[in-house]
There are 2 protein chains.
Amino acid sequence: MLRLALRPCIISSVVQDSIRILQAQGYKVTKPRRQVLEALEGAQKPVSPYDVQSTLRKQGKYLNHVTIYRILDLFCRLNLAHKVLSSGGFVKCGLGNEAGCHRFMVCRCCGVLREFVDEELCKKESKSAVNLGFHTEYHLSESSGLCSECYRKRFGE
Amino acid sequence: MLRLALRPCIISSVVQDSIRILQAQGYKVTKPRRQVLEALEGAQKPVSPYDVQSTLRKQGKYLNHVTIYRILDLFCRLNLAHKVLSSGGFVKCGLGNEAGCHRFMVCRCCGVLREFVDEELCKKESKSAVNLGFHTEYHLSESSGLCSECYRKRFGE
DNA sequence: AGGCTAATTGCAACAATGTTGCGTTTAGCA
DNA sequence: TGCTAAACGCAACATTGTTGCAATTAGCCT
Ligand SMILES: [Mn+2]
Ligand SMILES: [Mn+2]
Ligand SMILES: [Zn+2]
Ligand SMILES: [Zn+2]
């Protein structure tokens, strides 16, 4: 029923919601999975797998790091968690706009990355943040998809 | 003259441009730095420090990995290169919109991260990409700056 | 051109992060 | 209350990133 690829991520999900989704998808609800869910729920900022481990350890709960990696992988596949960033590499600057606004497109097929400029987008993005009480100093945006070439290869002209 | 914090990144910079900037800022133009610049110039996708190392090794050029880390750090400080992503951690999903559009604000001071939704922004972003021949399937956007609380602490009401 | 010196690099040792294969445990179910 | 596939723990390993210090070198000054 719930088609994974199209489902938006969980709205301010509490642990219980996530557990229901695990079950709905036929995954077991294990103690380690509950514990990682709680650690994520409790965190105010992004946490690495080892962060999760030490958080839990402080509560007297011992999970092997391999287990945490596997659980976080699963949660990401189920849209219960995000990895906050995508690629990890360096890239030369492309066409420059304002310092502090960097906007990329990455082709998921061939991997080419292109930086582009959109002043209007930049302003809208900041304004949108202001409405939420956030003072923006820096944008980083990645769109992933297909470059024109890879798109052509798949779907023709 | 050239104030670093305000300078936009290099426009389709060739190695020579970057070298001029190194000199202008009083940094030495060394063989390793030239080589890393050339490796970045030559790459079609983001590259890790170790990627740079092996690329160079294939050309019979041997740089210690520590050197490469330090050079890439410098280049980023000088806006000669980007790290393509920011934090590296996991975060729970916040308010969900379309699957495939994730938009965050991160406070550079306290680290809180908040996901938010902006349909209009999402459409504009895709349209902007289409104009460049790119078919977008997924957005990831991070704005960094100050959350309302940290902003107040610094600049009052 | 040759020497001086602060900046930069190389090296060694280490720390942190991430992966794989396989034996053991356990959640969910009959 | 057992059965079994799924999930976990462990060991061993691979990759990535960091630190302190000795050796080298780019840029400058004779
Ligand atoms: Mn840029
Ligand atoms: Mn999301
Ligand atoms: Zn492509
Ligand atoms: Zn803050």
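As a basis for the values below, the full set of heavy atoms in this structure was taken, side chains included, without hydrogen atoms, waters or symmetry mates. Since this is a predicted model, take the numbers as computed values, not measurements. Order of the sequence lines sets the chain letters (A, B, ...), proteins ahead of strands, with each chain counted from 1.
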Separation of [Y] [atom2] from [X] [atom1] (nearest 0.5 Å):
{"X": "A:Ile68", "Y": "A:Asp73", "atom1": "CD1", "atom2": "CG", "answer": "12.0 Å"}
{"X": "A:Ile19", "Y": "A:Arg34", "atom1": "CD1", "atom2": "CZ", "answer": "4.0 Å"}
{"X": "A:Arg70", "Y": "A:Asn64", "atom1": "CZ", "atom2": "CG", "answer": "7.5 Å"}
{"X": "A:Arg103", "Y": "B:Ser141", "atom1": "CZ", "atom2": "OG", "answer": "7.0 Å"}
{"X": "B:Lys124", "Y": "A:Lys124", "atom1": "NZ", "atom2": "NZ", "answer": "5.5 Å"}

Legend entry - Exercise: identify the closest heavy-atom pair between A:Leu37 and A:Ser18: CD2-CB, 3.6 Å
Legend entry - Below 4.0 Å: OP1/OP2 of D:dC8 and any side-chain N or O of A:Arg70: no
Inset, instruction - Answer yes or no: does a side-chain N or O of B:Tyr69 lie under 4.0 Å from OP1 or OP2 of D:dG17? - result: yes
Value in whole Å for how far the [atom2] atom of [N] lies from [atom1] of [X]:
{"X": "A:Gln25", "N": "C:dG28", "atom1": "CD", "atom2": "C1'", "value": "17 Å"}
{"X": "A:His65", "N": "D:dC13", "atom1": "NE2", "atom2": "P", "value": "14 Å"}
{"X": "B:Leu72", "N": "D:dT18", "atom1": "CG", "atom2": "C1'", "value": "15 Å"}
{"X": "B:Leu74", "N": "C:dT9", "atom1": "CG", "atom2": "C1'", "value": "13 Å"}
{"X": "B:Arg34", "N": "C:dT8", "atom1": "CZ", "atom2": "P", "value": "14 Å"}
{"X": "B:Leu78", "N": "C:dT8", "atom1": "CG", "atom2": "P", "value": "10 Å"}
{"X": "A:Asp73", "N": "D:dA7", "atom1": "CG", "atom2": "P", "value": "13 Å"}
{"X": "B:Ile71", "N": "C:dA7", "atom1": "CD1", "atom2": "P", "value": "17 Å"}

Side chain of [X]: nearest nucleotide among [options]?
{"X": "B:Tyr50", "options": "D:dG9, C:dT19, D:dG17", "answer": "D:dG17"}
{"X": "B:Val66", "options": "D:dG17, C:dC11, D:dA12", "answer": "C:dC11"}
{"X": "A:Asn64", "options": "C:dG18, D:dT18, D:dG9", "answer": "D:dG9"}
{"X": "B:Arg33", "options": "C:dC11, D:dC10, C:dT8", "answer": "C:dT8"}

Legend entry - Residue pair A:Tyr27 / A:Arg33, side-chain heavy-atom distance below 4.5 Å: yes
Legend entry - Flag side-chain contact, heavy atom, 4.5 Å: B:Leu40 against B:Leu72: yes
Legend entry - N/O donor-acceptor pair under 3.5 Å between B:Glu137 side chain and A:Ser144 backbone: no
Inset, instruction - Return the residues of residues 52-61 of chain A meeting this criterion: a heavy atom under 4.0 Å from some atom of DNA chain C. Order them by number, or give none. - result: none
Could you list, one pair per line, each protein nitrogen or oxygen that sits under 3.5 Å from a nitrogen or oxygen of nucleotides 25-30 of chain D, together with the distance?
unit_1	atom_1	unit_2	atom_2	d
D:dA26	N3	B:Lys28	NZ	2.9
D:dG27	OP1	B:Val29	N	3.0

